[in-house]
Amino acid sequence: MSVIANRLGRIKPSATLAVTSKAKELKAQGRDILGLGAGEPDFDTPDFVKEAAKAAMDAGQTKYTNVDGTPELKDAIIAKFKRDNGLEYERTEITVGTGGKQVLYNALMATLNAGDEVIIPAPYWVSYPDMVLLAEGEPVIVDCPANAGFKMTPEQLEAAITSKTKWVILNTPSNPTGAGYTHSDMKALTDVLVKHEHVWVMSDDMYEHLVYDGFEFCTPAQVEPKLKSRTLTVNGVSKAYSMTGWRIGFAGGPAELIKAMAKIQGQSTSNPCSISQAAAVAALNGDQSFMQPWLEAFKARRDMVVAMLNECAGIECPTSDGAFYVYPSCAGLIGKQTPDGKVIETDEDFVSYLLEAQGVACVHGEAFGLSPHFRISYAASELLLKEACERINHACIELVGK
Ligand code: GLU
């Protein structure tokens, strides 16, 4: 009999992490790999943030903190929500975890009973459905194809809601598509949600600051204040401050939920790293002007990648509103043959071929719930991205017709 619990049979490993570690492994073996799999900025954490971490260590802030965040960090988060989103929270309505990932996980573990449904628009970030499954919930996937801008319509949302719906998870701008809900898109969704009082809203706003071409970010509790009493607004410092490894995510929501989440965290990991929390205080309270050049760099890279991918035979790449991902379709390549005679039947076959033949690592669309697509992270240098797009072009040319 296996030592592994049955619940593990319900989930699969994270595809984003798997691709990232595979690319690292191949690189370590000396292969020439261009990694576009990892969802993390290539910029260094700003110096003022690192200095705050060093100062925290020197000041002896190396001990346990409150389970769900220091008062200083909670206050910095309260100020952030007020400044950026016009949302008012008390300390009892704020939680801090080891990355946005733990915050989402705690919330689902704290609220789902077996069989409760969670509406997840697809394409989705790989971990949402698996977290729901681990918590014994049922993911209800709503397909949002490219021709709908990868966005859920109010009609789709209305149709997906049942008496068993506990949560709807929204993520704007989206990982993996970069698509963002405009204020009027969001209002149309919140108009549906206000009518269904048993449905809670989990808004994953991790890419809030990474938006381009004047796109204006909005979050459900801000667009519809009536929803605030049943919304968990999740955010973190990983992406906007290039602090992925520091592992600080946070959320604002009703005190009862926040308390329940702390109970889970208190019996699993306790507080997030004390030094990282001090660094996050500096990040949130500090001068935010370092972000502007990053945004300009991301936008230039996105424009180049979208243009170059659209030059590739068989690939169609919509432009995106934010984050640092694009989500091209490879429908035009399905059924073609590689020079080795292998038929490309799925997007997973295509990304495996890209990795094997060209050393370009990206994540297949099936992992995000919408095929045949693949996700490219353009959080890499322009030079690397140019080379990667040239290699993808070459890989497409080498495929022979149906
Ligand atoms: N969120 C990032 C990504 O999608 C980091 C990896 C992960 O935790 O999934 O690549």
Side-chain angles (χ1 to χ4, degrees), residues 11-25 33-43 45 97-108 120-134 139 150 169-180 202-210 234-251 269 272-273 276 294 298 301-302 305 320-328 347-348 351 354-355 360-370 373-380 384-385 388:
I11 64 163
K12 51 197 179 313
S14 158
T16 48
L17 298 184
V19 168
T20 309
S21 70
K22 172 102 192 190
K24 279 195 178 130
E25 191 186 305
I33 300 294
L34 304 179
L36 308 181
E40 66 177 349
D42 55 322
F43 303 114
T45 302
T98 300
K101 217 166 187 169
Q102 186 181 25
V103 172
L104 297 165
Y105 184 74
N106 285 343
L108 293 167
I120 305 175
Y124 45 72
W125 177 48
V126 292
S127 296
Y128 300 146
D130 290 90
M131 285 185 186
V132 170
L133 289 167
L134 269 179
F150 300 120
I169 303 184
L170 297 173
N171 170 222
T172 172
S174 146
N175 175 4
T177 65
M202 196 174 288
S203 187
D204 179 351
D205 299 349
M206 195 54 86
Y207 297 90
E208 163 177 20
H209 294 295
L210 307 182
V234 183
N235 212 313
V237 294
S238 292
K239 314 292 180 176
Y241 300 89
S242 201
M243 291 175 68
T244 48
W246 301 73
R247 310 307 301 131
I248 295 292
F250 53 82
T269 60
C273 169
S276 296
W294 290 10
F298 279 140
R301 295 165 182 186
R302 181 206 60 181
V305 166
S320 52
D321 303 307
F324 37 66
Y325 306 111
V326 286
Y327 199 62
D347 48 30
E348 190 164 12
V351 301
L354 282 182
L355 187 59
V360 176
C362 39
V363 190
H364 58 292
E366 195 260 339
F368 304 99
L370 184 77
H373 282 262
F374 58 108
R375 185 189 81 172
I376 285 192
S377 163
Y378 54 84
L384 186 147
L385 289 167

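Numbering of ligands and ligand atoms starts at 1, following listing order.
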Taking salt bridge (charged side-chain N to carboxylate O under 4.0 Å, His left out) as the definition, give me every residue that meets it alongside Arg375, ordered by chain and number, with sequence neighbours left out.
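Arg375 satisfies salt bridge (charged side-chain N to carboxylate O under 4.0 Å, His left out) with no residue once adjacent residues are dropped.
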With sequence neighbours excluded, tell me which residues meet salt bridge (charged side-chain N to carboxylate O under 4.0 Å, His left out) with Arg247.
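Checked Arg247 against salt bridge (charged side-chain N to carboxylate O under 4.0 Å, His left out); zero matches.
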Residues that Thr45 engages under side chain to side chain donor-acceptor pair (under 3.5 Å), provided they are two or more places apart:
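Result, side chain to side chain donor-acceptor pair (under 3.5 Å) vs Thr45: Trp246.
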Can you tell me how far CG of Asp347 sits from CZ of Phe368, rounded to the nearest 0.5 angstrom?
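Taking CZ in Phe368 and CG in Asp347, the distance rounds to 10.0 Å.
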Atom CD1 in Ile248, atom OG1 in Thr98: separation rounded to 0.5 Å?
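It is 6.5 Å, given to the nearest 0.5 Å.
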Is a donor on one side and an acceptor on the other found under 3.5 Å between the side chain of Tyr327 and the backbone of Gly365?
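Yes.
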Applying a heavy-atom distance cut-off of 4.0 Å, which protein residues contact ligand 1?
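Ligand 1 pocket, heavy atoms under 4.0 Å: Thr16, Leu17, Gly39, Lys101, Trp125, Asn175, Lys239, Tyr325, Arg375.
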